[in-house]
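Inspection log for the structure reproduced underneath, given as structure tokens.
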There are 2 protein chains.
Amino acid sequence: MARERKISLTELFAQTKQLLLEHGYEGFTFGLLADRLGVARSAIYKYFENKEELITAYMVDEMEQVFEKLTRIHDFPAFEEQFRFLLDLILYHDDLHEMIAIGKKIPETHPKVKENKRRLAQFHERMYDEVQPVIQRGKREGKMKPHLPDRVVLGYIFQSAAVPHFPGISLAEWAESIREIIMHGVLNRN
Amino acid sequence: MARERKISLTELFAQTKQLLLEHGYEGFTFGLLADRLGVARSAIYKYFENKEELITAYMVDEMEQVFEKLTRIHDFPAFEEQFRFLLDLILYHDDLHEMIAIGKKIPETHPKVKENKRRLAQFHERMYDEVQPVIQRGKREGKMKPHLPDRVVLGYIFQSAAVPHFPGISLAEWAESIREIIMHGVLNRN
DNA sequence: GCTGAAAGTGACGAATGTGTCACTTTGCGC
DNA sequence: GCGCAAAGTGACACATTCGTCACTTTCAGC
């Protein structure tokens with residue numbers, strides 16, 4: 001019973017992501033976004049009251065997708081496979097941690113923003129809950145060093161996605177190297 | 001033959017760093033900085049023409065200090081000590097990589113900015129040149145895995161500083177864990 | 001004390017971002 | 001076709017940042 005949409009939510013979130021990565025949270029404006037979508041700035045206000053709400057909504061959406069993928073970790077029977085899956089998921093998702101950093105800066109101006117941030121924090125916890133058993137299983141089976149704190153191991157794996165890509169080194173080679181370092185370190189076994 | 005300074009360059013750079021970490025490049029303004037320094041905004045223009053110039057100048061200053069420390073790596077005779085020194089330097093300098101990321105966003109509006117960015121890039125190269133021999137020495141002495149690309153190893157070590165600190169885990173314990181992972185990985189030797 | 005030069009101030013016009021609102025456009029159900 | 005409601009537009013008032021400039025303050029040397 002209404003006019004056809006010019007703005008697709010998918011496209012809007014995609015461009016939001018792009019702009020956030022390029023300009024950071026404070027450099028993100030409705031004007032920039034509207035230009036990219038080929039639409040008037042005021043049109044975006046039909047969907048989101050301000051940039052805090054829009055950005056947190058985008059992040060919830062992104063988190064949902066990643067979480068969805070992550071839960072498939074339980075489809076693998078062996079620890080080694082689970083660990084490998086986790087590393088792949090994170091290494092080929094290298095912009096997530098930047099988003100997390102940006103998320104921390106968003107002030108809770110409106111109730112909707114507060115609600116979105118609450119959901120984000122919840123996702124974070126749920127992801128941790130999902131993965132920690134894998135880590136503990138690795139320790140229990142004697143495959144992972146027991147004295148390393150779980151949170152540090154997870155934070156470490158997560159952060160590895162941010163290691164810069166250098167020209168001359170392919171993505172696959174890069175990922176393989178990072179995976180090897182996480183598992184066995186840079187030094188030879190003495 | 002002039003009036004006493006109210007603005008100290010040291011203090012100015014310190015607050016610049018603070019503000020950059022809190023608000024990012026695009027959220028940094030002369031107004032914010034002037035407030036923190038207890039000075040009029042226009043006073044800062046006596047020293048820097050705009051924020052690009054100020055920020056790049058600060059970064060050059062910071063880089064100089066880090067580089068200065070880094071060169072002491074050659075004071076250590078053994079590879080193990082050099083490697084340990086490198087890790088300590090980076091792990092206890094955990095905001096550097098954020099600065100690098102910010103540096104990439106700065107547009108070259110003025111000649112002075114261009115010059116500063118040139119010097120920054122040069123520092124980057126010089127730091128790499130300083131450390132690469134250590135990596136190669138480790139490989140030559142059979143202590144480091146030869147198939148890992150030098151740049152990935154260095155990028156990796158550098159990036160490790162960004163692993164988040166969790167409450168309940170002391171800085172020392174954190175650093176010790178990270179160091180262990182970099183050297184030998186998270187898995188037990190099968 | 002007078003002077004000159006560096007240090008700092010306050011106010012201005014220009015540019016950009018924000019949120020809102022009256023308005024137009026579009027398409028579905030009747 | 002008519003009407004209605006959702007989608008999108010353009011302009012307005014307000015706030016913030018930017019760079020500049022004429023001005024005042026301070027202090028060292030004469």
Side-chain angles (χ1 to χ4, degrees), chain A residues 1-16 18-58 102 105-116, chain B residues 1-16 18-58 102 105-116:
Chain A
M1 27 144 109
R3 166 180 180 177
E4 202 182 352
R5 284 200 167 187
K6 221 172 141 185
I7 298 179
S8 99
L9 252 206
T10 314
E11 176 66 4
L12 186 145
F13 281 158
Q15 294 297 341
T16 297
Q18 274 290 111
L19 286 174
L20 280 176
L21 291 176
E22 284 171 34
H23 299 277
Y25 167 64
E26 326 233 11
F28 178 96
T29 69
F30 271 28
L32 276 174
L33 180 58
D35 282 353
R36 294 240 182 151
L37 295 173
V39 105
R41 184 175 58 89
S42 52
I44 305 178
Y45 284 93
K46 284 269 148 69
Y47 302 92
F48 302 96
E49 291 181 15
N50 50 48
K51 81 171 176 178
E52 284 77 30
E53 199 203 316
L54 184 152
I55 293 175
T56 51
Y58 151 68
I102 289 174
K105 284 198 214 157
I106 302 177
E108 297 179 3
T109 44
H110 285 25
K112 288 190 187 175
V113 176
K114 191 160 183 168
E115 166 62 10
N116 280 341
Chain B
M1 28 144 103
R3 164 179 183 178
E4 200 183 352
R5 283 199 167 187
K6 220 172 142 185
I7 298 179
S8 99
L9 253 204
T10 314
E11 176 66 5
L12 186 145
F13 281 158
Q15 295 296 342
T16 296
Q18 274 289 111
L19 285 174
L20 280 176
L21 290 177
E22 284 171 34
H23 299 277
Y25 167 63
E26 327 233 12
F28 178 95
T29 69
F30 272 27
L32 276 174
L33 180 58
D35 282 354
R36 295 241 182 148
L37 295 174
V39 106
R41 184 177 58 91
S42 53
I44 304 177
Y45 283 92
K46 283 270 146 68
Y47 301 94
F48 302 96
E49 291 180 15
N50 50 49
K51 81 172 176 177
E52 285 77 29
E53 199 203 317
L54 184 150
I55 293 175
T56 51
Y58 150 69
I102 290 175
K105 285 197 214 158
I106 302 177
E108 296 179 5
T109 45
H110 285 26
K112 288 189 187 175
V113 176
K114 190 160 184 170
E115 166 62 12
N116 280 342

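Order of the sequence lines sets the chain letters (A, B, ...), proteins ahead of strands, with each chain counted from 1.
B:V113 approaches B:P107 most closely through the heavy-atom pair CG1-O, 3.8 Å. Across every non-hydrogen atom of A:A40 and A:A34, the tightest pair is C-CB, 3.9 Å. Between B:F13 and B:L54, the closest heavy-atom pair is CE2-O, 4.4 Å. Residues A:K51 and A:E26 share a closest heavy-atom pair of NZ-O, 3.6 Å.
Not a single donor-acceptor pair under 3.5 Å links the side chain of B:K112 to the backbone N or O of B:E52. Of the possible polar contacts, none joining the A:K6 side chain to the A:L37 backbone as a donor-acceptor pair under 3.5 Å is found.
Distance CG (B:L54) to C1' (D:dG19): 15 Å, rounded to an integer number of Å. One interatomic measurement links the two molecules: CG of A:N50 to C1' of C:dG19, which rounds to 9 Å at whole-angstrom precision. As a whole-Å value, the separation of B:H110 NE2 from D:dC18 C1' is 11 Å. Rounded to an integer number of Å, the gap from OH of B:Y45 to P of C:dA11 is 17 Å. Between the CG atom of A:L9 and the C1' atom of D:dG8 there is a distance of 15 Å, rounded to whole Å. Distance CD (B:E53) to C1' (D:dG19): 13 Å, rounded to an integer number of Å.
Sorted by first and then second residue, the ring-ring contact (aromatic ring centres under 6.0 Å, His included) pairs involving residues 28-50 of chain A (not counting sequence neighbours) are A:F30-A:Y45.
Contacts of residues 30-44 of chain B with DNA chain D (heavy atom under 4.0 Å): B:F30, B:R41, B:S42. Remark: nothing in residues 20-29 of chain A comes within less than 4.0 Å of DNA chain D through any heavy atom.
Going from atom OG1 of A:T29 over to atom CG of A:L19 covers 7.5 Å, rounded to the nearest 0.5 Å.
For A:R3 and C:dT25, the shortest distance from a side-chain N or O to OP1 or OP2 is not below 4.0 Å. OP1 or OP2 of D:dG8 lies within a sub-4.0 Å distance of a side-chain N or O belonging to A:Y47.
Closest-nucleotide positions on DNA chain D for B:E49 and B:K46 were compared, and the one nearer the 5' end corresponds to B:E49.
The base of D:dG8 lies outside donor-acceptor range of the side chain of A:K6, with no N or O pair under 3.5 Å.
Of the charged side-chain nitrogens involved, at least one lies within less than 4.0 Å of a carboxylate oxygen, so that A:E22 and A:R36 count as a salt-bridged pair.
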